[in-house]
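Everything on this sheet refers to the single structure shown next.
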2 protein chains.
Amino acid sequence: MSSANSLAVEDLGSAAQRDRRKRILDATIALASQGGFDAVQMRAVAEQADVALGTLYRYFPSKIHLLVSALQREFERTEVALRDKPIEGDTTAERVITVLKRTTRGMQSDPKLTEALTRAFMFADASVQAEIHQVGMLLTSMLTRVMRPEGHDEVTDEDIAIAKVIGDVWLSALVGWVTGRNSAAETGQQIEVAVKLLLRD
Amino acid sequence: MSSANSLAVEDLGSAAQRDRRKRILDATIALASQGGFDAVQMRAVAEQADVALGTLYRYFPSKIHLLVSALQREFERTEVALRDKPIEGDTTAERVITVLKRTTRGMQSDPKLTEALTRAFMFADASVQAEIHQVGMLLTSMLTRVMRPEGHDEVTDEDIAIAKVIGDVWLSALVGWVTGRNSAAETGQQIEVAVKLLLRD
DNA sequence: TCTAAAATCGGAACACGTTCCAGTTTGCCC
DNA sequence: GGGCAAACTGGAACGTGTTCCGATTTTAGA
């Protein structure tokens with residue numbers, strides 16, 4: 001444990017290590033953004049991040065871990081950016097749809113990157129459980145916050161259940177779009193229909 | 001076109017070709033059932049099906065195509081088996097939950113096979129669109145039939161929308177289970193909650 | 001039955017994820 | 001500053017999906 005704070009959930013190590021980790025994730029995002037999942041080749045990432053292949057594997061034990069970690073970082077950024085934006089819309093359904101569509105549009109503006117990250121997410125097995133869980137929680141909390149803005153009613157179990165279902169649909173829609181089975185418009189439709197069904201009150 | 005019926009959607013070719021195709025899919029299922037996605041190795045499939053590697057690729061242009069085609073065959077079997085079983089349950093929600101849980105249980109009884117097929121399904125890109133679409137239609141029609149048993153009301157657009165959302169949740173749940181993030185019980189729960197939310201009338 | 005085209009075979013070859021290793025550098029403690 | 005353990009480097013090596021090719025077999029048509 002190199003940090004003085006032994007309770008920290010994430011121990012990022014020395015400054016040099018943090019820097020390497022950042023360079024690796026930056027290279028990952030850059031390559032993914034440019035060429036998608038297939039372009040994120042471990043040798044290429046290592047070269048672009050200026051580390052040896054073995055070092056890359058020391059930081060991230062597989063390509064999937066690497067991409068899911070990148071996803072996590074991006075998602076945290078998105079969530080923070082969204083956190084202090086006012087949420088327009090009167091009804092719950094309207095607000096949720098607005099936020100989801102905005103987020104989806106953001107992802108669709110960088111299709112290759114989205115493809116790479118989504119694919120990795122879908123392919124991740126139990127060994128990536130921690131990172132995946134993190135992302136799932138982030139999404140659910142993002143949705144419940146939109147559903148029950150500050151000051152309003154308590155977040156109920158049903159709210160959480162609904163948020164999870166919406167998350168599932170969003171994921172399916174995203175996969176459909178990423179794999180070229182649905183258009184962007186269809187993806188938006190799919191989410192909108194689900195939200196309206198789930199939040200009709 | 002080797003068939004006299006030029007309108008046939010599927011042209012399966014000569015008897016020898018049908019036989020090879022069947023042997024390949026049988027080998028795929030056997031290997032998947034025994035060792036999951038990773039065990040379905042193209043050389044192993046070719047050997048077990050007693051065809052050359054090049055021939056395997058002539059029939060199925062990639063491992064993903066191969067597995068999705070296997071999924072399609074299995075799913076058709078399941079759907080036919082389900083078709084003439086009486087659907088117990090009074091309310092729509094009950095019937096849907098019963099059927100989905102039964103199907104899910106069936107898949108969970110062969111975890112490795114389910115893992116292999118689900119992974120392939122999630123990873124499939126646009127080049128497998130046809131097969132994927134086929135499977136999606138099968139699932140949706142299965143669900144709407146359960147929702148609106150023969151003789152009852154017409155199947156509405158809303159029914160179809162609901163069926164699609166349920167399908168999305170089912171897929172997400174399945175992926176969660178397959179990748180070891182959810183237990184079998186949680187998977188059942190997840191589906192039940194979604195169905196109850198969507199079919200509360 | 002004969003022949004040309006298509007299909008199949010056996011196997012080499014290539015790409016990329018992953019592992020491994022010997023040598024070098026870095027960071028830390030005395 | 002010296003010594004030691006951990007981290008890093010460069011690169012070889014291996015497994016599996018995929019491609020390719022020359023030789024052989026099967027199929028279909030005249």
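Atoms considered below: every heavy atom in the structure, side chains included; atoms not considered: hydrogens, waters and symmetry mates.
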Applying side-chain hydrogen bond (donor to acceptor under 3.5 Å, both in side chains), can you list everything that pairs with B/Thr118, at least two apart in sequence or on another chain? none
Search all heavy atoms of B/Ala70 against all heavy atoms of B/Ile29 and return the closest pair with its distance. CB-CD1, 3.9 Å
Could you run down nucleotides 22-30 of chain D 5' to 3' and tag each one B, S or - for protein heavy-atom contact under 4.0 Å? -----S---
Give a yes or no on this: more than 12 heavy atoms of other residues, nucleotides or ligands lie within 6.0 Å of atom NZ of B/Lys63. yes
Hey, what's the ring geometry for B/Phe123 with A/Phe37, parallel, tilted or perpendicular (30° and 60° as the breaks)? perpendicular
Tell me, please, which residues at least two apart from A/Ser33 pass side chain to side chain contact (heavy atoms under 4.5 Å, CB included). A/Asp110, A/Leu113
Between protein and nucleotides 10-13 of chain D, what N or O pairs are separated by less than 3.5 Å?
| unit_1 | atom_1 | unit_2 | atom_2 | d |
| --- | --- | --- | --- | --- |
| D/dA13 | N6 | A/Arg43 | NH2 | 3.2 |

Tell me which one of A/Val135, A/Leu138, A/Leu117 satisfies side-chain contact (heavy atoms from CB on, under 4.5 Å) with A/Gln72. A/Val135
Give every residue pair that meets the salt bridge (charged side-chain N to carboxylate O under 4.0 Å, His left out) criterion with at least one member in residues 23-38 of chain A, sequence neighbours excluded. A/Asp19-A/Arg23, A/Lys22-A/Asp26, A/Asp26-A/Arg73
Per the under-4.0 Å heavy-atom filter, residues of residues 55-69 of chain B near DNA chain C come out as B/Thr55, B/Arg58, B/Tyr59
Holding to side chain to side chain contact (heavy atoms under 4.5 Å, CB included), I want the full list of residues that pass it with B/Glu158, two or more places apart in sequence or in another chain. A/Leu197, A/Arg200, B/Thr156, B/Ile162
Contacts of type salt bridge (Lys or Arg N to Asp or Glu O under 4.0 Å), residue A/Arg145, not counting sequence neighbours: A/Glu79
Using a 4.0 Å cut-off to any heavy atom of chain B, which nucleotides of DNA chain C are the first and last in contact, reading 5' to 3'? C/dA7 to C/dA13
Pair listing, salt bridge (charged side-chain N to carboxylate O under 4.0 Å, His left out) test, anchored in residues 27-37 of chain B, at least two apart: none
Sort and list the pairs that fulfil salt bridge (charged side-chain N to carboxylate O under 4.0 Å, His left out) and have at least one residue in residues 165-188 of chain B, not counting sequence neighbours. none
Quick one: label A/Val40 by what it contacts on the DNA or RNA (base, sugar-phosphate, nothing), any heavy atom closer than 4.0 Å. sugar-phosphate
For B/Arg105, which residues count as a side chain to side chain contact (heavy atoms under 4.5 Å, CB included) partner, sequence neighbours excluded? B/Lys101, B/Arg102
